[in-house]
Amino acid sequence: ELKVEQNPLFLSMQEGKNYTIYCNYSTTSDRLYWYRQDPGKSLESLFVLLSNGAVKQEGRLMASLDTKARLSTLHITAAVHDLSATYFCAVDRLVGGSNYKLTFGKGTLLTVNP
Amino acid sequence: KAGVTQTPRYLIKTRGQQVTLSCSPISGHRSVSWYQQTPGQGLQFLFEYFSETQRNKGNFPGRFSGRQFSNSRSEMNVSTLELGDSALYLCASSFMASGVGETQYFGPGTRLLVL
């Protein structure tokens with residue numbers, strides 16, 4: 001059974017600071033996704049990481065994937081209040097034949113304080 | 001391009017009733033996946049449909065079922081509702097079936113409350 005663990009689960013940070021959210025997963029996978037969810041809203045896709053060493057950046061967010069360590073990171077640079085949200089990582093797992101199942105981490109609730 | 005739409009947005013039912021939720025994917029998308037989100041269990045995969053066929057099913061009891069129509073719209077049905085079924089039900093669509101690294105686009109969800 002694939003386990004996807006995020007840490008921290010809760011993160012309170014000040015505007016202007018940097019921080020990293022970690023996503024560990026327990027079985028081999030080459031596809032990792034990051035999503036953002038605002039309170040009461042649906043999930044918004046942030047990044048799709050498809051290979052070892054992949055790095056993607058959008059604004060103040062940068063995601064990377066190390067498939068050998070089974071680890072992805074989401075780095076926040078110079079946080080601003082608008083980044084306050086819950087961030088989820090999710091991993092594709094082959095469950096049989098050519099069928100995959102997306103397994104999500106518990107999410108990291110990020111609060112950026114002025 | 002219109003996004004994924006889900007109806008209804010909110011629903012209140014009582015134990016033992018059944019409910020049907022609807023999801024209309026982005027135009028041209030053929031894959032629809034359903035997820036249940038609760039504070040305790042987080043986001044859990046329910047099932048995926050692609051071209052009217054169920055490709056994959058999560059670890060949920062048989063009370064949870066779904067189907068997909070020829071226009072790719074999907075419905076999810078939960079029979080004999082239990083209190084623990086209270087959750088936000090999200091559907092997501094993509095052009096290709098899961099496993100190819102394609103982004104899934106999520107709908108706004110249906111919030112189900114079982115009393």
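What you see is a predicted model, and the numbers here were worked out from it, not measured in a lab. Chain A is the first sequence line, chain B the second, and so forth, proteins listed ahead of strands; every chain is numbered from 1.
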Legend entry - CD-CZ distance between Gln37(B) and Phe104(A), expressed to the nearest 0.5 angstrom: 8.5 Å

Legend entry - Rounded distance [0.5 Å steps], NZ in Lys101(A) versus CD in Gln44(B): 8.5 Å

Legend entry - Residue-level contacts of residues 105-114 of chain A with chain B, using a heavy-atom cutoff under 4.5 Å: Lys106(A)

Joint hydrophobic cluster, [X] plus [Y], side-chain heavy atoms closer than 4.5 Å:
{"X": "Leu65(A)", "Y": "Tyr22(A)", "answer": "no"}
{"X": "Leu102(A)", "Y": "Leu46(B)", "answer": "no"}
{"X": "Tyr87(A)", "Y": "Val80(A)", "answer": "yes"}
{"X": "Phe47(B)", "Y": "Leu43(A)", "answer": "no"}

Legend entry - CZ (Arg15(B)) with more than 12 external heavy atoms under 6.0 Å: no

Inset, instruction - Tell me, yes or no, whether the heavy-atom count around Phe60(B) atom CZ, taken from other residues, nucleotides or ligands under 6.0 Å, exceeds 12. - result: yes

Legend entry - Partners meeting side-chain hydrogen bond (donor to acceptor under 3.5 Å, both in side chains) with Ser51(B) (sequence neighbours left out): none

Inset, instruction - Check salt bridge (Lys or Arg N to Asp or Glu O under 4.0 Å) between Glu15(A) and all other residues, then give those that pass, not counting sequence neighbours. - result: none

Inset, instruction - Could I get the full list of salt bridge (Lys or Arg N to Asp or Glu O under 4.0 Å) partners for Arg111(B), not counting sequence neighbours? - result: none

Legend entry - Nearest atoms (heavy-atom pairs only) where Pro108(B) meets Ser42(A): CA-CB, 3.7 Å

Legend entry - Side chain / backbone / both / neither for Phe47(A) at chain B, heavy atoms under 4.5 Å: neither

Inset, instruction - Counting only heavy atoms closer than 4.5 Å, note whether Tyr35(B) contacts chain A via side chain, backbone, both or neither. - result: side chain

Inset, instruction - Select one option (side chain, backbone, both, neither) describing which atoms of Leu43(B) are under 4.5 Å from chain A's heavy atoms. - result: both

